[in-house]
Structures are given as structure tokens and as C-alpha cells.
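Quick notes on the structure that follows.
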2 protein chains.
Amino acid sequence: MNAEKIPDIIISRLPVYLRALQHMADNGLKTTSSQELGEHVGISAAQIRKDISQFGEFGKQGTGYSIEYLLDKLREILKVDRRWDVIIVGAGDIGHALARYQGFANRGFNVVMIFDKDKSKVGQKIGEFTIEDTANLIEKVKAADIKIAMLTIPAPAAQEIADKLVQAGVKAILNYAPINLNVPKNVKVQYIDPATHLQRMTYYL
Amino acid sequence: MNAEKIPDIIISRLPVYLRALQHMADNGLKTTSSQELGEHVGISAAQIRKDISQFGEFGKQGTGYSIEYLLDKLREILKVDRRWDVIIVGAGDIGHALARYQGFANRGFNVVMIFDKDKSKVGQKIGEFTIEDTANLIEKVKAADIKIAMLTIPAPAAQEIADKLVQAGVKAILNYAPINLNVPKNVKVQYIDPATHLQRMTYYL
DNA sequence: TAGATTGTTAATCGATTAACAATC
DNA sequence: TAGATTGTTAATCGATTAACAATC
């Protein structure tokens, strides 16, 4: 892995490659080519080769890429060759869905706590988790050294909670609240808002 | 609105502007500038002016943009100046969350049906909806002339259902299944996968 | 009028693609 | 060896930014 700055647009494609390769591995495939991978993910073969080559020479002329080897390398690059503890803030419908989601474990994540500010929810169980009070958020997150949070609360409270997460040392926020968050630039935010995603498609209808 | 082809990257920013403007309007603001809007959404003022100017001259020198007017124009451009009927396929946790989500109505969408293939779920209620059998998907979607679907089923079944949606005339799919879908190129797909979004951030941790 | 801000042009910057030597 | 496919270069294409005349 070289020291140059890699553009974010390249980083954003790596998880897509990772997922497709995992899928191939699950189907028992051993090797693939930039051509084949490109067809799977809808990206040109040239771009895939260029993206991957930013980090090293992981392929072999004539035969392509070993799927297991490339998986290992991509996981290493994306730092999901380990397990990250993640919290959920907001025990509504989406918080519940995420708490029960089985897809995190084999992709590098481990939900460890779920918070809500509603006192009537605090103490209730969601699967193995007991809902904790948002009042204790900063303290608990600091103590457990959590770096990643998923925010599933209504928009009006989102900025305030984001500030608390930042204060507690969180560096990556997956925001389901339909609002832009202001955070220091060393904190990353990804947005998931179904209405926004739908509006990106209606233009073409 | 001119006839030239507008790049998708510009289209993808419009819903973000729309949401921020809606937020400003809700707070009683009447006008804004490219500068102010840019600060809200984290995009440069020059780019916002350039994006908006692709579609017409909606601002005034010296005073900026009328929020209501720009909202109207953006809604028109994105075709959310109307209400689109939308279906949900998959009555699991995410399907339930989307069925109950209150944020669609004022952003151009109206959930009208929810499907599941599990016979033990079919007939059950989610709020006002009765879960319908996926076996009747094509027929019902065609009859109601639905163009937009949200797919919230496990990955292994997603491609098969996507094929049915396409066959039924759906032109936009919001896919929550962690898998790439192959669809004709006149059908749009947007992907929501929390693990992929998280992996886009771990690189920077 | 003076100040502010647009819409647009030209310059810069960055990303994608095509092509091919290297080599497995 | 012959065929296939990488990694990389150069060319192309597209997006962003800076700057400013126009004008509200």
C-alpha cells in the first residue's frame, strides 16, 4: 500500500468490489478477472484494474486475481480485517431493524449497544441488547472506545446527538436522519435517506 | 429546463438541495444564496450556482434565490411535484420500518402495497396495509401502474424479484438487499447497504 | 447609488478510457 | 509456445473552481 493520497471516489468503490468478491467466494469460485468482476458490479475492467493497482500488484497476467487473496487485501485496505464495535442511537423501527440485522458480523462490524432518550424504552430488550439511556451516551461510548455510530433518530435531534458522538470520540457516523450533519472534517458521515435516494431516480421517469 | 443531457452527478445533488431548502422553508426563511445553501450542504457556492443554472435562471443578482420558488423548480425538475405510488417487497424489519415511515408523503411518495412471499405473513396487517402475496406481484403492480419499488428481501431472492418488478413495468428500484442487481439500462437502481456504507468510512479510521 | 450575488466563461483539476508492453 | 490478462501510460473526457461582467 503506497503513501499517496487515494481519492475518495476510489475508496467508495472498494466495498462494492469486496461484496462482489465475497459473493463469488461463497459460490466456490477461486479466481476472477477485472473483466468478470466489472460485469458483476457494472464498472469497466480498466477502472477496476486501475483502482486495485493503487494499492499494489495483486493480480497475475494471464490468470487474473485470486479471489481469496484479493479479498484479504481489500479487507486490509478498508480495515475490515478486524471487527469494529458499533453503536446504534435511536431504538425506533430502523434502530430495531439494524439491531437485528445479521449482515454486519461477517463484514467487519459488531453492534454492542443501543441507546434511546425515551425513558419508557430504556431498559427494554431488543434481542440480546438492553436499550440504554442517551443521557449516558458520552460516558459509555468513551469508556468502550467506540469509533462508529449509526444514527436512527428523528431529524430535529440529530445534530445535537451528532455533537455528543463527536465529543465522545466517534469518527464515523452512518446517518439515517434526513438532515445534513455538521461535524469536524476528521469525522466521516454517510447518509442513508430513502426519500433522497428515490428522488435521485424520479428525474429519469 | 433545457434539452441537453444533464450529468447524473448533478441530478444526484438536487435532492440534497431540495431537502436543505425544505428545511430552511420550515424555519420560515424566505430567501437564500448559493453561499448559504452551500454551507448547509457542504458544497461550494460556485458548484451550486452551476448546477442550478443548468435548468434555468432561478436566482436574482444581489438577492439570491427565493426559497419557495427554487423549491418549486427543483420539485418540478425531479418530478416530485406530484405523488408517486411506491411498493415495498419484503415484510421484514426494514419493510416494516419503511411501511411506517412518515417521511415519504411530503417528499413525493406514497406507499400503496407491501408484499411478502411467506404465506404465514400474507394477510397480516402493517398499520393500514395488508401484506400481499409476492405470487401476485406482477399482476398487481401492472394493474396499478407502479413505477417505483423498494426491495427489502434477503440477497439470494433479490435478483429474481427484481426481474419480476422489471417485467411488471417498474422503472426505479431502491434495493436494500446486499447484492448488485442486473436490470435493463432504462431501469434505475439505488443501493442502500449499511455494511457497505460503513466500509466506506473505516478506511479513514 | 453602493453592495451583493447571480449566471457564465475560461482555466484548472481530476477521473475514465483506450491501448499495449510485460508477463504469467 | 500461444493465449490471456495484468499494470501502466497517454489521451480523452468530464467536473470543479475561480473570476468577473451583468444586474438586481
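Quick note on labels: first sequence line is chain A, next is B, and so on, each numbered from 1. Heavy-atom basis, side chains included; hydrogens, waters and symmetry copies ignored.
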Given C:dT6, is OP1 or OP2 found less than 4.0 Å from the side-chain N or O atoms of B:S34?
yes
Phosphate OP1/OP2 of C:dT6: any B:R49 side-chain N/O under 4.0 Å:
yes
Side-chain N,O (A:S44) to OP1/OP2 (C:dT17) below 4.0 Å:
yes
Does the ring of B:Y203 carry A:K79 above it, NZ/CZ under 6.0 angstrom from centre and within 45° of its axis?
yes
Any donor-acceptor N/O pair, B:E36 side chain to B:S34 backbone, under 3.5 Å
no
Applying a 3.5 Å limit to both distances, which nucleotide forms a Watson-Crick or G-U wobble pair with D:dA18?
C:dT9
If the cut-off is 4.0 Å, is B:Y65 near the phosphate of C:dA4, judged by side-chain N/O to OP1 or OP2?
no
Does B:R13 put a side-chain nitrogen or oxygen below 4.0 Å from OP1 or OP2 of D:dT16?
yes
B:K171 NZ/CZ over A:Y204 ring centroid, <6.0 Å and within 45° of normal:
no
Paired with D:dT23: which nucleotide, if any, by Watson-Crick or G-U wobble criteria at under 3.5 Å for both distances?
C:dA4
Could you check whether B:D85 pairs with B:K147 (Lys NZ or Arg NE/NH1/NH2 to Asp/Glu carboxylate O, under 4.0 Å)?
no
Can you tell me if the side-chain N/O atoms of B:Q47 get under 4.0 Å from OP1 or OP2 in D:dT16?
yes
